Peer 1: 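Would you mind keeping the following structure in view while I ask a few things?
Note that the structure is predicted; figures quoted are calculated from it, not measured.
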Amino acid sequence: MALPLESDLQTRPLCPGTHGQFEKDGSEYVIKDPRTPMPWINVIANERYGLVLSQAGGGFSWLDNCQLERLTRWEQDLVQDRQGRFVYVQDVESESAIWSTTYQPTLQEAKTDEIRHGLGYSNFRREINGIETSQTVFVPLTDTCEVWILKVTNMTARSRKLRLATYVDWHLGGVGEFHREFHRLFVETRTVSAVQLAWKHPGLVENKRAQPEAGPTGFHAVNGLDVTAWMSNKAAFLGRPARLDSPASLEKSEFAKGNGRWEDPIASAISDLSLEPGQTVAFTIIVGAADDATEALRLASKYTLETASSELRGVTEYWDSICREASVETDDPALDVMVNYWLRYQTIAGRMVGRCAYYQQGGAFGFRDQLQDSLALLPIVPEKTKKQLIINAEATYEDGGVRHWWHPNTNMFAESRHSDTCL
């Protein structure tokens with residue numbers, strides 16, 4: 001069987017399926033219907049910051065550890081895939097018309113609905129009520145944040161007045177903090193210009209008088225679009241009865257602006273937007289975490305549309321360089337695509353850096369996990385294999401036993417003398 005020409009791979013789909021197929025040269029998976037059998041996700045991460053993002057817009061974000069330091073609230077639900085970070089769109093002249101830039105949370109049918117999971121990014125393109133939105137989500141190579149590049153286009157022949165509202169449900173804690181109604185009391189928010197900051201007051205340490213160190217500062221920002229109002233209270237934003245698919249606050253002309261403590265903390269930036277026929281407006285939305293408020297404000301203001309576009313090019317070039325370092329060519333296009341792109345990408349982003357997926361949020365290192373995974377990187381980025389060898393060597397005991405798994409920078413681990421782990 002003759003190998004396909006590279007020019008053919010740029011245009012024709014590879015391995016077409018019921019819900020989508022690989023396109024371009026195989027570096028994108030395109031989904032035409034967000035109602036997939038299960039959440040189909042992209043794990044996007046750098047060494048410190050990462051996120052899980054499903055084809056419907058569900059998922060969550062974290063800093064350093066996907067289990068112990070979750071930035072946004074999330075609950076694993078393979079059926080509903082309901083929680084995530086969202087952008088609402090409302091036709092102001094028709095208040096009942098509320099939809100979202102992703103299928104969740106409004107579940108509105110779109111004239112055009114296309115999701116592209118790429119290497120280091122995902123893109124959602126939808127057209128509803130004559131308005132097309134294109135939302136590209138990525139994580140910079142080193143900064144501890146995620147950037148959304150959002151483009152809104154008026155596809156109709158008349159002027160349109162829209163209202164946009166973001167929605168970020170703060171968590172700022174670990175998966176083990178089940179008593180959410182208690183833990184939320186320690187989260188405080190503050191708005192500084194076009195940025196909302198959120199942090200969690202640290203608890204007391206038993207038998208110690210010293211105040212424990214404060215945790216990271218979360219932030220949410222909008223650059224390139226004027227924010228009409230910030231909301232930080234989930235009850236005020238959603239209304240009663242609380243409906244994530246149709247927030248009551250968007251039907252009002254005035255908003256309950258609030259910051260502080262004792263609320264159910266969210267971040268919502270509300271903006272009004274007018275579009276002439278055919279006009280496109282583009283801006284950026286940033287969610288992230290930093291060691292302190294000063295660094296949070298710096299990162300929040302860094303990613304303008306120009307800076308974000310440049311960084312996105314750097315992200316795609318980074319992954320392309322890794323995947324093209326050593327390629328496989330066979331008579332099976334599906335095998336080539338998986339080996340050359342997705343298995344490598346998932347090994348690094350999902351297994352070694354993020355240590356996370358939709359079905360399991362581990363956050364820990366292991367021997368049958370990251371050390372074994374690192375072998376796949378020997379022919380392309382051997383320095384990452386060497387780094388992992390050193391990490392695992394530090395979890396080895398003199399008697400040959402090991403830490404079966406362990407969370408870095410904590411005392412959480414399990415010792416093991418399983419033969420395959422030690423091997």
Side-chain angles (χ1 to χ4, degrees), residues 49 60-61 63 69-73 84-90 100-101 143-150 162-173 180 183-202 214-239 242 244 247-273 281 283-305 307-308:
Y49 188 94
F60 70 103
S61 307
L63 176 69
E69 296 185 59
R70 293 188 177 183
L71 185 63
T72 62
R73 186 187 179 200
R85 307 150 303 267
F86 305 121
V87 180
Y88 295 92
V89 183
Q90 180 188 28
S100 45
T101 58
D143 286 335
T144 54
C145 64
E146 64 197 75
V147 182
W148 315 346
I149 299 177
L150 188 58
L162 304 175
R163 175 169 291 154
L164 275 63
T166 63
Y167 180 82
V168 177
D169 195 344
W170 295 118
H171 183 70
L172 299 172
R180 185 175 178 278
H183 282 277
R184 71 172 176 81
L185 299 176
F186 300 95
V187 177
E188 185 171 351
T189 61
R190 177 166 61 96
T191 301
V192 181
S193 186
V195 184
Q196 192 214 65
L197 304 176
W199 65 97
K200 189 172 185 179
H201 292 266
T217 299
F219 61 90
H220 175 40
V222 178
N223 290 330
L225 187 67
D226 291 336
V227 177
T228 304
W230 280 96
M231 297 189 69
S232 61
N233 187 336
K234 181 188 289 186
F237 181 76
L238 295 180
L244 197 59
S249 61
L250 297 186
E251 300 177 1
K252 301 177 181 179
S253 57
E254 295 185 1
F255 307 101
K257 305 173 185 178
N259 286 281
R261 290 177 65 177
W262 324 123
E263 298 175 344
D264 204 329
I266 65 163
S268 177
I270 300 173
S271 301
D272 290 326
L273 178 63
V281 171
F283 54 95
T284 59
I285 299 170
I286 303 95
V287 177
D291 294 333
D292 53 48
T294 301
E295 176 65 7
L297 292 172
R298 186 191 71 82
L299 284 177
S301 63
K302 175 180 178 178
Y303 286 98
T304 63
L305 186 62
T307 306

Peer 1: When you measure from the side chain of Arg261 to the backbone of Phe186, do you find a donor-acceptor pair of N or O atoms at a distance under 3.5 Å?
Peer 2: no
Peer 1: Where is the tightest heavy-atom contact between Ala165 and Leu250, given as atom of each residue plus distance?
Peer 2: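 For Ala165 and Leu250, the tightest heavy-atom pair comes out as CB-CD2, 3.7 Å.
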Peer 1: Just how far is it from atom CZ of Arg85 to atom CG of Leu71, taken to the nearest 0.5 Å?
Peer 2: 9.0 Å
Peer 1: So, for Ser271 and Leu225, which heavy atoms are closest and what is the spacing to 0.1 Å?
Peer 2: CB-CD2, 3.6 Å
Peer 1: Taking the side chain as C-beta and beyond, is there a heavy-atom pair between Leu244 and Phe86 under 4.5 Å?
Peer 2: yes
Peer 1: Look up atom CD1 in Ile266 and atom CG in Leu238, then write down how far apart they are to the nearest 0.5 Å.
Peer 2: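 Here the interatomic distance stands at 6.5 Å.
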Peer 1: To the nearest 0.5 Å, what is the distance between CD (Glu69) and CG (Leu172)?
Peer 2: 10.0 Å
Peer 1: Applying side-chain contact (heavy atoms from CB on, under 4.5 Å), can you list everything that pairs with Arg190, at least two apart in sequence or on another chain?
Peer 2: Val192, Leu197, Trp199, Ala293
Peer 1: Could you check whether any side-chain N or O of Ser268 sits under 3.5 Å from a backbone N or O of Thr166, counting only pairs where one atom can act as donor and the other as acceptor?
Peer 2: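 Side chain of Ser268 to backbone of Thr166, a donor-acceptor pair under 3.5 Å: yes, one is there.
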Peer 1: Under the rule for ring pair (Phe, Tyr, Trp, His ring centres under 6.0 Å), what residues qualify as partners of Tyr303, not counting sequence neighbours?
Peer 2: none
Peer 1: Applying side chain to side chain donor-acceptor pair (under 3.5 Å), run through Ser232 and Gln196 and close with a yes or a no.
Peer 2: CA-CA 9 Å; Ser232 61; Gln196 192 214 65; 4.6 Å; no
Peer 1: Is it the case that the side chain of Glu146 and the backbone of Ser61 share a donor-acceptor pair, with hydrogens and angles ignored and the cut-off at 3.5 Å?
Peer 2: no
Peer 1: Residues two or more places apart in sequence or in another chain: which of them pass side-chain contact (heavy atoms from CB on, under 4.5 Å) with Asp226?
Peer 2: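 Once residues adjacent in sequence are excluded, Asp226 has no partner under the side-chain contact (heavy atoms from CB on, under 4.5 Å) criterion.
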Peer 1: Sequence neighbours excluded, which residues qualify as side-chain contact (heavy atoms from CB on, under 4.5 Å) partners of Leu305?
Peer 2: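 Once residues adjacent in sequence are excluded, the partners of Leu305 under the side-chain contact (heavy atoms from CB on, under 4.5 Å) criterion are Ile149, Ala282, Thr284, Ser309.
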Peer 1: Please list, chain by chain and in numerical order, all residues satisfying side-chain contact (heavy atoms from CB on, under 4.5 Å) with Asp292, sequence neighbours excluded.
Peer 2: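 Thr294, Glu295.
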Peer 1: Write down the atom of Pro202, the atom of Ala214, and the distance for their closest heavy-atom approach.
Peer 2: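 Residues Pro202 and Ala214, closest heavy atoms: CG-CA, 4.0 Å.
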Peer 1: With sequence neighbours excluded, what pairs up with Phe283 under the ring pair (Phe, Tyr, Trp, His ring centres under 6.0 Å) test?
Peer 2: none
Peer 1: Carefully, step by step, assess Leu164 and Leu150 under the rule side chain to side chain contact (heavy atoms under 4.5 Å, CB included).
Peer 2: CA-CA 11 Å; Leu164 275 63; Leu150 188 58; 4.1 Å; yes
Peer 1: Answer whether the closest heavy-atom distance between the side chains of Trp148 and Thr101 falls below 4.5 Å.
Peer 2: no
Peer 1: For a 4.5 angstrom cut-off between non-hydrogen side-chain atoms, does Leu299 reach Ile286?
Peer 2: no
Peer 1: Distance check, rounded to the nearest 0.5 Å: His183 atom NE2 versus His201 atom NE2?
Peer 2: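 Between atom NE2 of His183 and atom NE2 of His201 there are 14.5 Å.
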Peer 1: To the closest 0.5 Å, what do you measure between CG (Leu185) and NZ (Lys200)?
Peer 2: 10.0 Å
Peer 1: Which heavy-atom pair separates Cys145 from Phe219 by the least distance, and what is that distance?
Peer 2: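 Residues Cys145 and Phe219, closest heavy atoms: CB-CZ, 3.9 Å.
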Peer 1: Could you report the tightest heavy-atom contact between Pro216 and Ala289, atom names first, then the distance?
Peer 2: CB-CB, 4.4 Å
Peer 1: Got a second to check how far Thr228's OG1 is from Asp272's CG, nearest 0.5 Å?
Peer 2: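 Reported to 0.5 Å precision, the distance equals 4.0 Å.
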Peer 1: Anything under 30° is parallel, anything over 60° is perpendicular, the rest tilted; go ahead and classify Tyr167 against Phe237.
Peer 2: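 Ring orientation, 0 to 90° scale: parallel.
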Peer 1: Please lay out, stage by stage, how Asp143 and Tyr49 fare under the test side chain to side chain contact (heavy atoms under 4.5 Å, CB included).
Peer 2: CA-CA 8 Å; Asp143 286 335; Tyr49 188 94; over 6 Å; no
Peer 1: Between Asp264 and Arg184 (side chain of the first, backbone of the second, donor and acceptor by atom type, cut-off under 3.5 Å), is there such a pair?
Peer 2: no
Peer 1: Begin from the C-alpha positions of Trp170 and His220 and carry the test ring-ring contact (aromatic ring centres under 6.0 Å, His included) through to its verdict.
Peer 2: CA-CA 10 Å; Trp170 295 118; His220 175 40; 7.2 Å; no
Peer 1: Looking at Thr72 and Phe60, would you say the former's side chain and the latter's main chain have a donor-acceptor pair under 3.5 Å?
Peer 2: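 A pair under 3.5 Å: no.
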